[in-house]
Amino acid sequence: MSDPVLLTGGPDVGLVSHIGNPIAEQRLMVDGGGSIELSNREVLAVSGVDRLGWVHSLTSQFLDDIEPGRTTTSLVLSPTGHVKHVLHGVDDGQTFWAWTEPGRGACLAAWLDSMRFMMRVDVELRPDMTIRWVGHDVAVSEGVVLDSEVAGGREVILPDDSVAFSAVEPVGVLAWEALRIAAGVPRIGLDTDDRTIPNEIGLYGTHLDKGCYRGQETVARVHNLGRPPRRLTLLQLDGSRAELPEVGAEIHAGGRRVGAMGSSANHYVDGPIGLALVRRGVDVGLELEVDGITAGQQPLVDPEVGLHVRPVV
């Protein structure tokens, strides 16, 4: 086995990029194997008897009385409906455990704590805990387990000094990213910006049939009237160039700026792919250009109502 290669830049800097062959690592993940350390994700624990109803009232997902062990994804929105934070979580019957994107945990925990008022809840950022992704055939005997949105695997919340899964064949985050992108799953803060509303990313982490929460008016209005300003799109990038586009690079059609690039990766079947936010009105059959690379579109979001259409992977 080759020595691990670490990422030297980007949001996952310091994590294992690959261990020799990212393409073979993707195949291993799809087949149900592999283990990936996602130690830069930040873990929060919300405890107390009012925790589920309280988190339900503050976020975009239906969490009131969610049964133990059920994985959920929820968003924290601004008063005007823009996506601020994401929580990938599960309740174990006593504590709601969740992880969020790197660098966002302290801000999210502080905001949640400021909203406690008289509720019987406690919010704690847990830097002593880490996240590990494992394939669906890997036995899990400890930790808090979430169903993953990537390759049918699981995400396990463990103490950061745990040696669990040390015997499982490791893979790198390049493989994880390629399979995530192919599944049309956006990363908040990477495939979104400070203007993104849930309707533009397919109502990801958002429940339409629940009570009032911050930002709901925008979500409901855009859903009822249709026509979100932008739509998440899976791009099939021209593979004749070795380079992948930069995050945030401008996307053009016919010389006109029509969107911005999110994440990209080399998929083991589809080749170079990426996620992007493009203007709703851009013809889905139109060829786009980003960083000098041509790209075809595979729509992920209905431009009229903002509903997510997951690709077949």
Side-chain angles (χ1 to χ4, degrees), residues 1-2 4-7 10-41 71-73 86 88 99-102 130-138 140 145-157 165 168-192 201-202 204-205 232-237 239 244-245 247 261-277 295-301 308-313:
M1 181 183 296
S2 301
V5 177
L6 302 184
L7 286 168
D12 295 328
V13 60
L15 297 187
V16 174
S17 170
H18 63 87
I19 308 171
N21 189 337
I23 299 302
E25 292 167 24
Q26 290 178 52
R27 294 192 181 99
L28 175 64
M29 292 173 66
V30 170
D31 289 341
S35 171
I36 305 173
E37 184 178 344
L38 299 174
S39 57
N40 63 342
R41 274 52 166 184
T71 301
T72 187
T73 296
V86 64
H88 304 281
W99 65 265
T100 194
E101 288 288 338
T130 191
I131 303 291
R132 185 169 287 274
W133 181 97
V134 295
H136 55 76
D137 285 343
V138 175
V140 178
V145 181
L146 294 79
D147 294 326
S148 176
E149 297 171 309
V150 177
R154 276 79 54 78
E155 293 151 2
V156 187
I157 301 177
F165 312 116
V168 180
E169 186 172 350
V171 297
V173 295
L174 288 187
W176 188 90
E177 281 287 276
L179 297 177
R180 174 189 67 81
I181 293 168
V185 177
R187 279 183 70 177
I188 303 305
L190 186 62
D191 301 308
T192 65
I201 54 174
Y204 178 71
L232 187 68
T233 302
L234 179 64
L235 298 184
Q236 303 288 342
L237 301 164
L244 292 170
V247 174
M261 191 71 203
S263 50
S264 56
N266 286 301
H267 188 261
Y268 76 115
V269 173
D270 298 330
I273 57 174
L275 294 177
L277 283 172
Q297 302 178 64
Q298 181 179 345
L300 295 174
V301 174
H308 204 175
V309 181
R310 286 290 177 90
V312 177
V313 295

Counterpart residues, side-chain contact (heavy atoms from CB on, under 4.5 Å), relative to [X] (two or more places apart):
X: Ser264; result: Leu237, Leu244, Pro245, Met261
X: Asp137; result: none
X: Leu6; result: Val16

Mind checking whether [X] and [Y] have side chains closer than 4.5 Å, heavy atoms only?
X: Val134; Y: Val168; result: no
X: His267; Y: Ile181; result: no
X: Leu235; Y: Leu275; result: no
X: Val156; Y: Ile131; result: no

Point to revise | Pi-cation contact, Trp176 with Arg41 (under 6.0 Å, within 45°) | key: yes

Rounded to the nearest 0.5 Å, what separation is found between the [atom1] atom of [X] and the [atom2] atom of [Y]?
X: Glu101; Y: Arg187; atom1: CD; atom2: CZ; value: 4.0 Å
X: Leu174; Y: Leu7; atom1: CG; atom2: CG; value: 5.5 Å
X: Leu232; Y: Asp191; atom1: CG; atom2: CG; value: 7.0 Å
X: Tyr204; Y: Glu149; atom1: OH; atom2: CD; value: 3.5 Å
X: Leu300; Y: Thr233; atom1: CG; atom2: OG1; value: 6.5 Å

Which heavy atom in [X] sits nearest to a heavy atom in [Y], and how many Å separate them?
X: Leu190; Y: Glu177; value: CD2-OE1, 4.1 Å
X: Pro102; Y: Pro11; value: CG-O, 3.7 Å
X: Arg154; Y: Gly135; value: NH2-O, 3.4 Å
X: Pro22; Y: Ala175; value: O-CB, 3.8 Å
X: Ile201; Y: Leu277; value: CG2-CD2, 4.3 Å
X: Arg180; Y: Val185; value: NH1-O, 2.6 Å

Review point. Within the distance-only criterion (no hydrogens, no angle test), does the side chain of Gln236 pair as donor or acceptor with the backbone N or O of Gln298 below 3.5 angstrom?
Key: no

Practice item. Spell out, as yes or no, whether a donor-acceptor pair under 3.5 Å connects the side chain of Gln26 to the backbone of Tyr268. Key: yes

Review point. Which residues pass the side chain to side chain donor-acceptor pair (under 3.5 Å) test with Thr73, sequence neighbours left out?
Key: His88

Revision key, fill the gap. By side chain to side chain donor-acceptor pair (under 3.5 Å), Glu155 pairs with (sequence neighbours left out) Trp99, Ser148

Give the table of side-chain donor-acceptor pairs shorter than 3.5 Å for residues 30-39, with sequence neighbours excluded, one pair per line with atom names and distance.
{"unit_1": "Ser35", "atom_1": "OG", "unit_2": "Arg132", "atom_2": "NH1", "d": "2.9"}
{"unit_1": "Glu37", "atom_1": "OE2", "unit_2": "Ser39", "atom_2": "OG", "d": "3.3"}

Point to revise | side chain to side chain contact (heavy atoms under 4.5 Å, CB included) evaluation trace for Glu169 with Ile19 | key: CA-CA 10 Å; Glu169 186 172 350; Ile19 308 171; over 6 Å; no

